[in-house]
Asks: 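Encoded as structure tokens, here's the structure I'll be asking about.
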Amino acid sequence: QVQLKESGGGSVQPGGSLRLSCTASSTGNKRYCMGWFRQAPGKEREGVATINIDGVPAYAFSVKGRFTISRDNAKNSLSLQMNNLKPEDSGMYYCAADSSGVGYCFGTVESYDPDDRGQGTLVTVSS
């Protein structure tokens, strides 16, 4: 099981930007689809973005054009650049890893919710 740790959350006004980072423990020989999902109070978990072992990203419709996901396989790290943030982007953001696809991501981004995840980092967008 890979250990994941997020950083970079905080409070920002609507229209602002935040960058989330995630570091992973050694992945050994496993290959992961990496990604982020979020959960707001009283709402269901929602996959935000995924990126496969080759660096090909995919985004939920709600964040497309505003968020950018990237990964550095050599450093076992993952990032999420969030621009033009909206109040509805508020919530706990989790870094996650899914090895079931041997590095490739399957299913919809919105349903991304693998078992290997970090503790989360809080994002608050409010005026």
Asks: With a 4.5 Å cut-off on side-chain heavy-atom distances among I, L, V, M, F, W and Y, is there a chain of contacts connecting L20 to M34?
Replies: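 Hydrophobic grouping puts L20 with M34.
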Asks: I'd like to check L4 versus T23 (side-chain heavy atoms, cut-off strictly below 4.5 Å). Are they in contact?
Replies: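 Not touching, per the 4.5 Å side-chain cut-off.
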Asks: Out of curiosity, E6 CD to L80 CG, how far, rounded to the nearest 0.5 Å?
Replies: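 CG of L80 is found 11.0 Å from CD of E6.
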Asks: Using modelled atom types and a 3.5 Å cut-off, is there a donor and acceptor pairing between side-chain atoms of R71 and backbone atoms of N52?
Replies: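 Yes, R71 side chain to N52 backbone: donor-acceptor pair under 3.5 Å.
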Asks: For the backbone of V125 and the side chain of S90, can you confirm whether one donor and one acceptor N or O come within less than 3.5 Å of each other?
Replies: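 Checked: pair present.
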Asks: Going from OH on Y104 to CG on D54, what distance comes out if it is rounded to the nearest 0.5 angstrom?
Replies: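 Rounded to the nearest 0.5 Å, the OH-CG separation comes to 3.5 Å.
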Asks: Walk me through it: do S79 and R19 pass the test side chain to side chain contact (heavy atoms under 4.5 Å, CB included)?
Replies: CA-CA 7 Å; S79 296; R19 185 176 182 85; 3.5 Å; yes
Asks: Whether the side chain of S99 engages the backbone of V102 through a donor-acceptor N/O pair (distance < 3.5 Å, no angle test) should be reported.
Replies: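 Here the side-chain-to-backbone pair does not exist.
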Asks: Between Y112 and F37, is the ring centre distance below 6.0 Å?
Replies: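 Distance test on ring centres: not under 6.0 Å, no.
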Asks: Kindly compute the distance separating CZ (F67) from CG (N84), expressed to the nearest 0.5 Å.
Replies: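 Result: 9.0 Å between the selected atoms.
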Asks: Between N83 and S17, does the side chain to side chain donor-acceptor pair (under 3.5 Å) criterion hold? Intermediate values first, please.
Replies: CA-CA 4 Å; N83 297 328; S17 298; 2.9 Å; yes
Asks: State, with a plain yes or no, whether a side-chain heavy atom of V56 is found less than 4.5 Å away from one of I51.
Replies: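 A side-chain contact under 4.5 Å is absent here.
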Asks: Kindly indicate whether the side chain of D116, heavy atoms from C-beta on, has any atom under 4.5 Å from the side chain of Y32.
Replies: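 The answer is yes, as the side chains (C-beta and beyond) meet within the 4.5 Å cut-off.
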Asks: Any donor-acceptor pair under 3.5 Å linking the side chain of Q39 with the backbone of E44?
Replies: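 Not confirmed, Q39 side chain does not pair with E44 backbone.
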Asks: Mind running side chain to side chain contact (heavy atoms under 4.5 Å, CB included) on R66 and D89 for me, showing each step along the way?
Replies: CA-CA 11 Å; R66 300 188 296 121; D89 294 319; 2.7 Å; yes
Asks: Any side-chain donor-acceptor pair under 3.5 Å between Y93 and R38?
Replies: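 On atom types as modelled, these side chains qualify, holding a pair under 3.5 Å.
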Asks: So which heavy atom on W36 is nearest to which on S21, and how close?
Replies: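 Minimum heavy-atom contact is CH2-O, 3.7 Å.
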Asks: Which pair of non-hydrogen atoms, one from I69 and one from P57, has the smallest distance, and what is that distance?
Replies: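 Smallest heavy-atom distance, with atoms named: CG2-CB, 3.6 Å.
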Asks: Do you see a donor-acceptor pair shorter than 3.5 Å between the side chains of E46 and S62?
Replies: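 Judged by distance alone, the side chains do pair up.
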